[in-house]
Asks: 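I have a structure I would like to understand better, so I am pasting it below and will then ask my questions one at a time.
Quick caveat: nothing in here was measured; it's all calculated off a predicted structure. Proteins come first, then strands; the chains are lettered A, B, ... in the order of their sequence lines, and each starts at number 1.
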Amino acid sequence: MEGGVYLNLPKVAVLTMEGTNNEEEAFQSWRGAGANAEIIHIKKLENKIRKLEEFDAIFFPGGFSAGDYVRAGAIMASRLRATVMRDIENFVDAGKLIMGSCNGFQVLIELGLIPNIGGDYEREAALATNLSNRFEARTVYLKITNNTCPFLRKFRINQIIRLPIAHFEGRFIPANEDLLEEISNNNMIGLKYVDPYGKEVGYPWNPNGSVLNIAGVCSKSGNVLGLMPHPERVFNKYTQSDWPRGNEEDYGQLFFKGAVDYLNEKF
Amino acid sequence: MKINIIVTLKDNVEDAEGQSVLKALHLLGYDEVSNVRTGKVYYIEMKGNDLSKGYEFCDKLLANPVINKCKVERDD
Amino acid sequence: MKINIIVTLKDNVEDAEGQSVLKALHLLGYDEVSNVRTGKVYYIEMKGNDLSKGYEFCDKLLANPVINKCKVERDD
Amino acid sequence: MTDSFKVIKLRELSLGQLKKISRDLALGLSVQEMARIQSYFKNLGRDPTDVELQAIGQAWSEHCGYKSSKIYLKKYIFGLNSEKIYSQGDAGVVLLDDEYAVALKMESHNHPSAIEPYGGASTGVGGILRDILSMGAQPVAVTDVLYFGIRKYKNYPSPEFIKSGVISGIRDYGNRVGIPTVSGGIYYSDMFSPNVLVNVGCVGILKKDKIAKQSIDKKGIKLIIAGGKTGRDGIHGVNMASANLDSGSANLSTVQLGNPIIKEPLIHAVLEANESGLIYSLKDLGGGGLSSVVGEMLYAGGMGGVVYLDKVPLKENDMLPWEIWISESQERMLLGVEEKNVPQVLEIMNDWDVTSAVIGESVEGSKLTLYYKGEVVMDLDLDFVTSPPLYQRANRITYKEYKFDIPKERENYDGILLKMLSDPNIASKEYAVRQYDHTVRGNTVIPPFTGIIGKEGPSDASVIKINWENYTAISIAHGSNPFYSQIDPYMGARNAVDEAYRNLVSANSIPIAFSDCLNSGNPERPERMGEFISMIKGLSDEARELGVPFVSGNVSLYNETGLKSIPSIPTILAVGKLKDYRKAITPDFKGVGNPIYLIGKPEIEFGGSLYFRIQRKNGGRVPYSNPKVLYDRSERVLKAMDLGLVLSSHDVSEGGLALAIAEMTIGSDIGAEIDLTGLTFGRPDFFMFSESQSMFIVEIQKGKENEFEREMGGSSIKLGYTGGQILNIKLNGRTLINLYNDQIRSKWKEGYT
Ligand SMILES: Nc1ncnc2c1ncn2[C@@H]1O[C@H](COP(=O)(O)OP(=O)(O)O)[C@@H](O)[C@H]1O
Ligand SMILES: [Mg+2]
């Protein structure tokens with residue numbers, strides 16, 4: 001946990017509590033992308049020992065916050081909602097960046113940060129149990145369907161990439177059809193599950209049964225991204241599951257580098 | 001006071017666990033079973049007498065209104 | 001017939017989920033809550049009228065007698 | 001005196017009464033052992049308290065005391081290649097380079113898993129993680145080797161129930177704690193009904209100068225307990241693990257489910273305190289609870305100590321002192337901390353939301369004194385408590401007559417190969433492993449399944465990089481074959497080592513350490529004890545030649561019911577090293593038209609082989625491993641890999657070279673043309689399906705045949721070329737096997753949909 005050494009680098013808070021467990025690779029990924037990352041236990045936010053406003057980006061890592069008991073992400077979200085929701089809202093309004101992967105996406109949904117069509121941080125969607133009713137750990141193909149959000153700016157539209165997934169609750173369900181339409185109309189879908197040829201098909205290429213094969217969603221203004229796959233686990237291309245077959249692309253890095261570039265330009 | 005909070009999926013949300021239990025029961029030969037849905041119960045012991053607290057717990061923690069329904073009952 | 005099967009942990013088996021919920025409720029300021037335990041409900045629709053089938057389901061699939069208790073009730 | 005503890009009038013008891021006391025207090029001790037305790041107290045001139053008797057009962061259990069096995073472990077295993085061991089404690093440690101070291105350990109959780117599979121397996125994972133953490137190492141990988149039964153036995157849970165419980169237990173614990181589960185094995189045989197075996201392993205990385213010490217050699221070191229609270233769960237677990245499984249019913253107090261959400265922050269907190277140099281000594285609470293860990297930590301450093309049992313954070317306030325002392329509640333660590341560092345350590349624990357408390361300290365002398373609410377409830381010499389009687393039990397080594405039923409030769413072996421591919425011992429284990437998060441921590445370079453996404457085949461070793469700075473990585477694999485061990489425990493053990501070793505080599509890594517988990521039956525039966533000793537000798541004879549030490553291990557005896565016993569089966573966890581993980585090699589074929597070579601030579605030795613098993617025939621003696629040959633071939637293969645000649649590699653195990661090649665087509669969707677003309681010794685089936693040890697199949701760069709053959713020094717045989725949609729094996733123009741890649745893959749993946 002280094003901090004304050006590189007004063008002019010974008011500062012990123014990787015939030016943690018018992019059960020979150022991607023914080024180390026998230027920390028390393030942000031650092032590798034040129035940010036000054038720090039792992040912050042949410043207790044320190046709750047007790048006001050640390051403040052979100054010190055940071056330029058927040059990362060909600062994957063894992064099983066509080067065991068994922070009740071519902072994935074629910075306990076972490078309800079703690080944050082009860083204590084620092086106002087700070088998070090200000091953070092979003094300031095145009096700073098927030099990203100959540102896997103359990104982090106679940107937390108963003110439970111916090112109402114995604115999709116937040118209504119603008120008042122109500123819960124408008126859920127990530128329900130995979131239709132296969134089992135934990136799925138494997139690599140999936142994804143199509144980039146939006147590259148205006150800072151995390152995705154280094155990709156081409158319709159680019160097919162590969163990322164690992166590992167989750168039990170990833171089935172994206174919006175509250176109603178209208179919301180889903182709003183999400184599409186506002187170009188908020190960031191990534192979709194596809195087959196190797198880029199076609200949208202069902203299981204197993206869509207590992208959880210998400211509507212419209214949605215794998216990741218950006219906020220309307222683009223500064224919040226939630227996704228089920230794990231870019232932080234493949235920052236290093238040699239952790240991409242099929243690299244020995246000569247498929248050596250740096251997909252994971254591009255998420256973080258895009259974000260860091262954006263922060264460097266903007267702040 | 002003791003209260004039970006029962007959280008289930010809304011009827012229009014597919015219940016993956018229910019489906020897989022149904023499948024397993026059929027595999028065990030119980031063809032008479034036609035549907036299974038699942039839910040979660042929280043047995044809560046607390047001071048006071050205000051059942052509405054239960055709904056607060058649902059709202060703040062135990063349920064996501066997009067997919068869940070909540071029932072709160074006193075356990076005597 | 002509709003039956004509900006409720007599977008809980010035996011009293012002397014620790015309930016990690018219940019404890020996590022208890023801790024979360026305390027952190028949300030609900031100090032009046034003193035204990036939380038959890039259970040699972042299966043809502044089953046089936047032909048016939050034989051409640052004892054429910055116990056068979058428990059036995060064969062839904063519960064582990066070493067750690068679980070099962071309650072079967074008719075849902076009317 | 002309060003009634004929180006009792007004095008047991010032991011000195012005046014008859015032998016029969018001693019036996020009764022042992023049973024009534026569930027001490028699990030024999031009459032002779034009770035008599036030894038009695039005479040000790042006669043000498044002291046007083047009677048013991050219940051706390052004292054319980055403490056001795058724990059320390060002297062087979063599980064904690066290694067009463068039946070220690071003499072043999074000392075003779076054959078300890079000290080073997082030990083100059084290569086950096087440190088030994090709860091886990092063993094070897095150096096990786098000037099800066100880093102790797103800690104590893106494998107352990108059984110057989111008895112708990114037979115009674116409550118979910119809790120048994122998950123607490124197994126929890127326990128092995130603690131062992132690694134105890135060395136000050138960051139756990140980087142969990143592994144699990146599982147042995148399931150097939151038939152259901154009356155009064156015992158069904159194998160299906162056991163299997164799904166065990167797999168879910170490993171999944172839920174490993175995933176929640178955030179350590180990837182990356183390697184293992186699953187075996188099916190009636191040998192394991194109803195005695196299921198659940199062997200779990202863990203590997204960790206540490207900076208060599210941050211290794212945690214496990215003893216206290218100085219007075220005034222404070223003892224801090226951290227993590228989970230202490231409860232009535234898991235009392236007398238070690239005694240259960242030291243007895244036959246005599247019915248399916250459970251003693252409830254020993255059933256535990258584990259709580260990974262307490263463990264996860266505990267790992268962070270302990271490592272942070274260790275990294276900051278605040279920990280003087282460190283150990284985990286496993287079997288025997290506080291009783292065993294406090295005793296061992298002090299005894300190892302020649303110190304005595306005092307502990308205040310009322311300071312231990314409890315789950316239930318009405319626990320009795322003896323219960324507190326021997327409870328095996330999960331997720332707890334014991335930290336020895338210098339007084340000046342105590343506040344900082346408590347603060348780190350608090351930062352991570354981890355419960356902790358100072359419960360005592362070390363003192364001069366060799367006495368361990370326990371207080372409860374101001375009263376002394378135990379005051380014993382550690383010398384006595386921690387030295388249980390060791391037994392050289394009666395043993396008989398039997399030599400069996402091997403039967404060899406020759407199967408008929410066939411025109412075509414498509415059916416045989418497909419049957420092999422779908423045999424539950426061979427078929428894809430993705431139904432389990434893909435429920436395990438194997439990429440968390442972002443360090444997994446080679447996962448358990450590799451190849452084209454959606455078509456992956458099995459890998460031989462998983463590779464985990466050790467940091468984000470350089471290209472160093474470790475490889476992890478296992479070796480075990482219960483079918484060989486059943487026929488020949490000595491060779492079975494040697495072959496298990498061979499398999500683990502060649503799996504690591506196949507991935508282009510250098511084997512550096514083994515951990516062994518030794519499963520056997522009732523040691524009080526001479527044949528069992530004979531088998532057990534043969535197994536240990538086998539491990540020793542094989543590993544000595546290979547120059548690899550056993551840095552840690554575990555013994556699980558009494559895997560036996562009234563009905564039957566398991567054979568003596570070792571599970572080997574092996575760890576290797578890669579200087580540059582970018583050179584790691586996987587089994588899936590990489591290109592078309594590349595030469596395929598066999599390294600090694602198939603012999604007619606089919607005992608326990610898959611080919612004979614699926615035809616329900618006896619195969620004679622099991623394959624014989626020769627470690628000198630294995631070592632030589634491995635050096636050559638590694639050299640060829642280093643020269644960049646090798647594109648893919650797979651070790652030959654069950655099903656022989658034909659199955660190995662079939663597996664190489666799975667992840668690549670590249671077939672192979674194999675021509676055995678002039679290569680076989682009469683029967684081509686014997687050539688194709690022989691499980692002779694120390695063999696590899698490799699795919700070589702086109703045009704590098706000469707260079708490669710030179711490096712192999714005569715131990716390579718060219719079999720054919722990669723390419724096409726079909727695996728075709730021919731002999732003298734006759735087709736022996738002709739199967740589409742898709743057919744092979746779908747058979748192999750049948751159980752995983
Ligand atoms: N129970 C398990 N847990 C984790 N990994 C496993 C387990 N069983 C098998 N694996 C992994 O799956 C891969 C294929 O295993 P297996 O089919 O047994 O291969 P092999 O025949 O090479 O031993 C290996 O990487 C192995 O480590
Ligand atoms: Mg292998």
Asks: Does one side chain, of Glu182(A) or Asn185(A), offer a donor that lies under 3.5 Å from an acceptor on the other?
Replies: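 The answer is no; no qualifying pair exists.
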
Asks: Side chain, backbone, both or neither: which part of Glu124(A) has an atom under 4.5 Å from a heavy atom of chain B?
Replies: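 Backbone only.
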
Asks: Name the region of Lys40(B), side chain, backbone, both or neither, that has any atom closer than 4.5 Å to a heavy atom of chain A.
Replies: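 Contact with chain A is through the side chain of Lys40(B) alone.
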
Asks: Anything in residues 3-24 of chain B with a heavy-atom distance to chain A below 4.5 Å? Please list those residues in order.
Replies: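 Answer by number: Val13(B), Glu14(B), Ala16(B), Glu17(B), Ser20(B).
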
Asks: NZ of Lys220(A): more than 12 outside heavy atoms within 6.0 angstrom?
Replies: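 Result for NZ/Lys220(A): enclosed.
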
Asks: Check whether Arg171(A) gets within reach of chain B through its side chain, its backbone, both or neither, counting any heavy atom under 4.5 Å.
Replies: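 Side chain only.
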
Asks: Using non-hydrogen atoms and a 4.5 Å limit, figure out which bit of Arg81(A) sits close to chain B: side chain, backbone, both or neither.
Replies: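 Neither part; nothing is under 4.5 Å.
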
Asks: Most heavy-atom pairs under 4.5 angstrom with chain B, which of Leu131(A), Asn176(A), Ile109(A), Thr129(A)?
Replies: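 Going by pairs under 4.5 Å, I would pick Leu131(A).
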
Asks: Does the side chain of Glu169(A) come under 3.5 Å of the side chain of Asn130(A) through a donor N or O and an acceptor N or O?
Replies: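 Judged by distance alone, the side chains do not pair up.
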
Asks: Does a donor on one side chain sit under 3.5 Å from an acceptor on the other, for Tyr193(A) and Asn208(A)?
Replies: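 Short answer, yes.
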
Asks: Answer yes if the side chains of Arg74(B) and Asn49(B) hold a donor-acceptor pair under 3.5 Å, and no otherwise.
Replies: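 Distance-only check passes for Arg74(B) and Asn49(B).
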
Asks: Could you verify whether a donor N or O on one side chain and an acceptor N or O on the other, from Ser78(A) and Glu110(A), lie under 3.5 Å apart?
Replies: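 Note: Ser78(A) and Glu110(A) side chains miss the donor-acceptor criterion.
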
Asks: Does a donor on one side chain and an acceptor on the other come within less than 3.5 Å for Ser241(A) and Thr139(A)?
Replies: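 A pair is found: one side chain offers a donor N or O, the other an acceptor, under 3.5 Å apart.
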
Asks: Please check if the side chain of Asn186(A) supplies one atom and the backbone of Met188(A) the other of a donor-acceptor pair under 3.5 Å.
Replies: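 The answer is no, because no donor-acceptor pair under 3.5 Å joins these two groups.
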
Asks: Should Glu136(A) and Arg134(A) count as an ion pair when the cut-off is N to O under 4.0 Å?
Replies: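 Here Glu136(A) pairs with Arg134(A) in a salt bridge, since their nearest N and O are under 4.0 Å apart.
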
Asks: Among Ala125(A), Gly209(A), Ser132(A), who wins on heavy-atom pairs under 4.5 Å with chain B?
Replies: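 Among Ala125(A), Gly209(A), Ser132(A), the one with the most close pairs to chain B is Ala125(A).
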
